[in-house]
Each structure stands twice: as structure tokens, then as C-alpha cells.
Amino acid sequence: MLHRKQAQRLSGSLVMSSFMSIALSGVFSFLEFGLSIQWLQVWGHSILIALPIAFSLDMVFGDRLRLLSGKLADKAANAWP
């Protein structure tokens, strides 16, 4: 049985990697093919490739990157008057 923290991490990684995979593969394939049927086909294929890669990277590096971004945000907040 998953603990709440593990479930939150998995669901957060899935949501973020899904969004980034869909958005970025859509943007970059659109820039390459323009608005066309071919673009939709390539976009769909790109999502299938990008999603497991993005999810894996988020699971491996996500916690450390969130910690780093939190530290940077704290430093930036302290630097402003």
C-alpha cells in the first residue's frame, strides 16, 4: 500500500511530466510541421516517447531540483527589500 507522501510524489511527477511532454512536444513539432494532419501524427508519437522519459527524469531528479528551486526562491526573496 502506498503512503500518502509516495502517492503525492508519484501523482505530482505524473502530472508535471504529462503536461511538459504534451506541451513541449506539441510546440516543437508545430514549429517543424505547422498546423497539419502530419503535425498531429508526429505530436502523438512524440508524446509517447517523451512521457516515459520525462517521468523517469522527474522521479530521479525532481526532489533535488525542487529543493534547489526552493533555495533559489528563498535567496531571491531575501535579496528584495
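Nothing fancy with the numbering, it's 1 onward along the sequence. Just so it is clear, the structure is predicted and the values come from calculations on it, not from any experiment.
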**OP:** Check whether any side-chain heavy atom of Arg66 sits under 4.5 Å from a side-chain heavy atom of Asp63, and report yes or no.
**Re:** yes
Subject >> Cluster check Leu57, Leu65: I/L/V/M/F/W/Y, side chain < 4.5 angstrom >> reply: yes
**OP:** Following the transitive rule for hydrophobic clusters with a side-chain heavy-atom cut-off under 4.5 Å over Ile, Leu, Val, Met, Phe, Trp and Tyr, establish whether Ile47 and Val42 coincide in one cluster.
**Re:** yes
Subject >> Residue pair Met59 / Leu10: nearest heavy atoms and the distance that separates them >> reply: CE-CD2, 3.6 Å
Original post:
Below 4.5 Å, heavy atoms only, C-beta onward: do Phe28 and Leu31 meet side chain to side chain?
Top reply: yes
Original post:
Which heavy atom of Phe30 sits nearest a heavy atom of Leu35, and at what distance?
Top reply: CE1-N, 3.4 Å
Original post:
Among pairs that include at least one residue of residues 23-34, which meet salt bridge (charged side-chain N to carboxylate O under 4.0 Å, His left out), considering only residues two or more places apart or in two chains?
Top reply: none
**OP:** Could you tell me whether the side chain of Asn78 and the main chain of Asp74 form a donor-acceptor pair under 3.5 Å?
**Re:** yes
Subject >> Cluster link Leu51 to Ile22, ILVMFWY, side chain under 4.5 Å >> reply: no
Subject >> Separation of Leu24 CG from Phe19 CZ (nearest 0.5 Å) >> reply: 8.0 Å
Original post:
Within a reach of under 6.0 Å around CG of Leu48, are more than 12 heavy atoms found that belong to other residues, nucleotides or ligands?
Top reply: yes
Subject >> Nearest heavy-atom neighbours spanning Ser29 and Trp39 >> reply: OG-NE1, 3.0 Å
Original post:
Taking only residues at least two apart or on different chains, which pairs with a member in residues 16-28 satisfy side chain to side chain donor-acceptor pair (under 3.5 Å)?
Top reply: Ser25-Trp43
